[in-house]
Amino acid sequence: MIEIAWSNFTPWSALVGGILIGLAAASFLLLNGRIAGISGILGGLLTPARGDIAWRLAFLIGLIGAPTVWILASEMPAIEINAGYPALIIAGLLVGIGTRYGSGCTSGHGVCGLSRLSLRSLAATLSFMAAGFITVFVIRHLLGA
Amino acid sequence: MKYSIASFISGLVFGLGLIVSGMSNPEKVLGFLDLAGLWDPSLAFVMGGAILVGLGAFAVARKRTLSFLGFNMTIPGHTHIDKRLVIGGLTFGAGWGIAGFCPGPGLVALGAGESKAMVFVAAMLAGMVIFEVIERARTKA
């Protein structure tokens with residue numbers, strides 16, 4: 001049986017944040033005609049094409065600058081990173097290779113793909129969700145880390 | 001220019017959404033991925049909220065050939081579900097489960113000055129470069 005962590009569960013802020021993420025993806029789509037897939041926007045910078053660089057940088061500057069804008073109004077919520085450096089490096093490599101090989105991540109396939117009712121993105125989302133669940137199960141409950 | 005301004009605003013709002021939702025905190029993401037422990041369903045609400053808005057946006061976008069700023073709609077039309085998609089997804093998911101970071105939250109945490117996020121993002125970029133190198137070697141062969 002699944003036990004819910006009621007003390008950590010934050011449905012309202014999650015929903016509000018999700019709506020903001022949806023608005024970001026919607027504005028990107030309706031203004032620029034593109035999918036807001038973060039791994040794709042970042043990965044495209046590694047094989048730069050003429051006229052294809054500025055908007056990618058602009059998006060990433062906005063994303064990376066969000067905490068700076070946030071602290072003008074409110075205190076930044078905690079960012080707890082418990083993984084050690086070797087784990088962070090392995091995780092980063094897997095995320096980098098996997099998102100490029102699978103043509104998307106939680107934003108491109110998860111948010112945008114499911115919003116456009118793409119079966120391909122559903123398959124991708126189920127794949128990374130399943131791998132995420134299994135990996136956490138193995139690390140936390142089999143290895144006890 | 002207006003293309004880049006719209007990009008900047010979308011990126012900023014996306015990042016603020018990740019902060020509000022709690023998804024910039026890897027421990028919160030891992031709380032969702034840990035089904036066998038004390039489960040935090042919050043991430044499902046983030047996805048739900050985002051998709052709710054997204055459904056409306058894509059319904060509007062589908063009827064248009066040009067965006068509101070006059071740019072071509074470049075919505076992917078691929079429908080094939082192949083090995084690359086699934087293996088890529090599984091690989092990404094494994095990395096996601098190890099550290100609790102996917103690309104967006106990793107970049108936001110980097111922007112918050114977290115040194116561990118810098119290591120994650122550097123490794124992620126290295127992974128993307130490795131992918132490009134392998135991909136190029138493959139297409140040449």
Side-chain angles (χ1 to χ4, degrees), chain A residues 2 5 8 10-11 14-15 17-22 24 26-33 38-39 43 54-55 58-59 62-64 66-67 70 79-81 83 87-89 91-102 105-106 111 114-116 120 123-124 127-128 131-132 135-136 141, chain B residues 3-4 6-8 10-17 19-21 25 27 33-34 36 38-40 42 45-46 49-51 53-55 57-58 61 67 69 71 73 81 85-86 88-99 102-104 107 109 111-112 116 119-120 123-124 127-128 131:
Chain A
I2 289 177
N8 296 337
T10 51
L15 196 63
I19 289 170
L20 275 177
I21 291 168
S27 64
F28 199 51
L29 175 71
L30 294 174
L31 296 175
N32 284 359
I38 293 173
S39 55
W55 70 268
F59 184 95
L63 187 67
I64 295 169
W70 177 276
I79 297 178
E80 307 157 82
I81 308 170
L88 285 165
I89 291 170
L93 287 169
L94 291 173
V95 169
I97 295 170
T99 51
R100 297 305 284 155
Y101 195 54
C105 58
T106 23
V111 172
L114 296 184
S115 292
R116 67 183 180 89
R120 177 175 151 81
S127 304
F128 65 67
T135 304
V136 171
H141 303 286
Chain B
Y3 198 96
S4 290
S7 280
F8 172 77
S10 299
L12 179 63
V13 174
F14 205 113
L16 294 174
I19 297 171
V20 179
S21 66
N25 181 4
E27 201 52 34
L33 292 177
D34 189 7
L38 274 177
W39 188 53
D40 176 1
S42 304
F45 284 66
V46 183
I51 291 168
V53 178
L55 282 171
F58 278 95
S67 77
L69 292 181
F71 301 110
M73 281 286 177
I81 297 168
L85 181 84
V86 174
L90 292 173
T91 308
F92 159 46
W96 192 32
I98 290 173
C102 51
L107 290 168
K116 280 185 156 183
V119 172
F120 171 81
M124 177 170 77
M128 290 180 169
F131 167 81

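Per chain, numbering begins at 1; letters A, B, ... match sequence-line order.
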* Structure fact -> Between Leu33(B) and Val136(A) the two heavy atoms that sit nearest each other are CB-CG2, 3.5 Å

* Tell me, out of Ala112(B), Ala6(B), Gly89(B), who's got the most heavy-atom pairs with chain A below 4.5 Å. => Gly89(B)

* Would you indicate whether the side-chain heavy atoms of Thr106(A) and Cys102(B) approach each other to under 4.5 Å? => yes

* Asked: Relative to chain B, which of Leu88(A), Ile89(A), Leu31(A) shows the most heavy atom pairs under 4.5 Å?
  -> Leu31(A)

* Structure fact -> Nearest heavy-atom contact between Gly104(B) and Ile38(A) is CA-CD1, 3.6 Å

* Option in Ala83(A), Ala91(A), Gly102(A) with maximal non-hydrogen atom pairs under 4.5 Å from chain B -> Ala91(A)

* Taking all non-hydrogen atoms of both residues into account, name the closest pair between Phe71(B) and Asn32(A) and its distance. => CB-O, 3.9 Å

* Which of the residues Tyr101(A), Phe28(A), Phe128(A) is involved in the greatest number of heavy-atom pairs with chain B at under 4.5 angstrom? -> Tyr101(A)

* Asked: Counting only N and O atoms by type, is there a donor-acceptor contact under 3.5 Å from the side chain of Asn8(A) to the main-chain atoms of Asp40(B)?
  -> no

* Heavy atoms only: give me the nearest Ala123(A)-Ile81(B) pair and the separation to one decimal. => CB-CG2, 3.8 Å

* Structure fact -> CG (Leu90(B)) and OG (Ser127(A)) are apart, to the nearest 0.5 Å, by 5.0 Å

* **Pairs of heavy atoms under 4.5 Å with chain A: top-ranked of Leu55(B), Leu85(B), Ile98(B), Val13(B)** => Leu85(B)

* Structure fact -> Pair count under 4.5 Å, heavy atoms only, with chain B: among Val111(A), Ile19(A), Leu114(A), highest is Ile19(A)

* Given the options Gly111(B), Ala36(B), Ala61(B), Ser10(B), which has more heavy-atom pairs under 4.5 Å with chain A than any of the others? -> Ser10(B)

* Structure fact -> If you tally heavy-atom pairs under 4.5 Å between each of Thr99(A), Ile81(A), Leu15(A) and chain B, the highest tally belongs to Ile81(A)

* Top contributor to chain A interface from Ala99(B), Ala50(B), Gly15(B) [non-hydrogen pairs under 4.5 Å] -> Ala50(B)

* Could you grab the distance from atom CE of Met124(B) to atom CZ of Arg100(A), nearest 0.5 Å is fine? => 11.0 Å

* Top contributor to chain A interface from Gly93(B), Gly88(B), Ala109(B), Ser7(B) [non-hydrogen pairs under 4.5 Å] -> Ser7(B)

* Asked: Below 4.5 Å, heavy atoms only, C-beta onward: do Met128(B) and Ser39(A) meet side chain to side chain?
  -> yes

* If you take all heavy atoms of Ala14(A) and Phe45(B), which pair is closest and at what distance? -> CB-CB, 3.7 Å

* Asked: Hey, which of Leu63(A), Leu20(A), Thr10(A), Thr135(A) has the most heavy atom pairs under 4.5 Å with chain B?
  -> Leu63(A)

* Could you check which of Ser42(B), Gly54(B), Pro103(B) has the highest count of heavy-atom pairs closer than 4.5 Å to chain A? => Ser42(B)

* Kindly give the heavy-atom pair with the smallest separation between Leu93(A) and Ala123(B), and that separation in Å. => CD2-O, 3.6 Å

